[in-house]
Amino acid sequence: MNKETLCETLAKFKKYSLLGWFRYFRMKIQGKKVVVDGSCRLCGKCCSRISLEAAGRWLRKEQDFAKVVKKYPEYERFTIVGCDSQGFLLFSCSWFLPEGICKDHENRLSICSDFPNVTLYFTGGEVPLGCGFTFREIVPFSSILQKELIAADEKKKSNISH
């Protein structure tokens, strides 16, 4: 493992939950990666129970959220509505309209436009029930191609030696 990869892995340590680390290592061993599949159904579930992160960590304390709002006033649109099973604060966005969209959809925050980000999967989280998005574990095409090329090369060598 090179230094950059080790640093990246250590940075993830702060974000991932125990379940997230299990998922991460299992996928590494299996040569898989996680992808987001599906599309938005405008259900608003992500707008009414969303976790937020700041400085590379998921928010767990009201004081930390207050610091975020002080530094980034645009986050005032979020209000704390509870905690999830892992102790992450859950927020609701006051900009969500009954029509199923953000009142300023074109200029929504990156955390909103990026939902669901694969980091959610590695915190042990899931997309809300009924959401149009899902997480899927896949074997990357590049891995499949490499495996097939190696097999073809071995077959070619085998045919030459006979």
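- Summarising the geometry of F133 relative to G38, their closest heavy-atom pair is CE2-O, 3.5 Å, with the distance given to 0.1 Å.
- Here the shortest heavy-atom pairing between G31 and P140 reads O-CD, 3.2 Å.
- The hydrophobic cluster containing I80 also contains I50, counting ILVMFWY residues as joined when their side-chain heavy atoms lie under 4.5 angstrom apart, directly or transitively.
- Counting only heavy atoms from C-beta outward, the side chains of I101 and L42 approach each other to under 4.5 Å.
- L59 has its side chain within reach of V68: a pair of non-hydrogen atoms, C-beta onward, lies under 4.5 Å apart.
- With rounding to the nearest 0.5 Å, the separation of CG in L89 from CG in D64 is 8.0 Å.
- Note: the hydrophobic cluster containing F22 does not contain I29 (ILVMFWY, side chain heavy atoms under 4.5 Å, direct or indirect links).
- Summarising the geometry, atom NZ belonging to K61 is positioned 12.0 Å from atom SG belonging to C83; distances are rounded to the nearest 0.5 Å.
- Under a cut-off of 6.0 angstrom, the local environment of CZ in R26 is crowded, with over 12 non-hydrogen atoms contributed by other residues, nucleotides or ligands.
- In this structure, E126 does not pair ionically with K45, as no charged nitrogen and carboxylate oxygen lie closer than 4.0 Å.
- The nearest pair of heavy atoms linking S51 to I111 is O-CD1, 3.7 Å.
- Atom CD of E76 sits about 8.5 Å away from atom CZ of F65, to the nearest 0.5 Å.
- Residue E62 qualifies as open at atom CD: its count of foreign heavy atoms under 6.0 Å is 12 or below.
- Side-chain atoms of Y121 and E137, non-hydrogen and from C-beta on, do get closer than 4.5 Å to each other.
- Put simply, the side chain of L109 reaches to within 4.5 Å of the side chain of R77, judged on heavy atoms.
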**Item:** Working for ring-ring contact (aromatic ring centres under 6.0 Å, His included), residues F91 and Y75
**Value:** CA-CA 10 Å; F91 299 86; Y75 279 78; 8.8 Å; no
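- Here the CD1-CG distance, from I150 to L145, works out to 10.0 Å after rounding to the nearest 0.5 Å.
- Residues V118 and L120 are members of one and the same hydrophobic cluster, defined by side-chain heavy-atom contacts under 4.5 angstrom among Ile, Leu, Val, Met, Phe, Trp and Tyr.
- A distance of 11.5 Å separates CG of N107 from SG of C112, quoted to the nearest 0.5 Å.
- Between the side chain of R108 and the backbone N or O of H105 there is at least one donor-acceptor pair closer than 3.5 Å.
- For the pair V36 and P116, the tightest heavy-atom approach, listed with the atom from each and the gap, is CG2-O, 3.2 Å.
- The 12-atom threshold is not exceeded at CZ of R49, counting heavy atoms of other residues, nucleotides or ligands nearer than 6.0 Å.
- Checking N117 against D114 by side-chain atom types alone, no donor-acceptor pair falls below 3.5 Å.
- For the pair F135/R23, no side-chain contact is recorded, criterion being any heavy-atom separation below 4.5 Å from C-beta on.
- By the criterion of side-chain heavy atoms lying less than 4.5 angstrom apart, applied directly or through intervening Ile, Leu, Val, Met, Phe, Trp or Tyr residues, M27 is not grouped with I138; the two fall into different hydrophobic clusters.
- Checking side-chain atoms of K103 against main-chain N and O of L97 turns up no donor-acceptor pair under 3.5 Å.
- Two different hydrophobic clusters hold V139 and L149 under the rule that ILVMFWY side chains link at heavy-atom gaps under 4.5 Å.
- The SG atom of C46 sits 7.5 Å away from the CZ atom of F96 when rounded to the nearest 0.5 Å.
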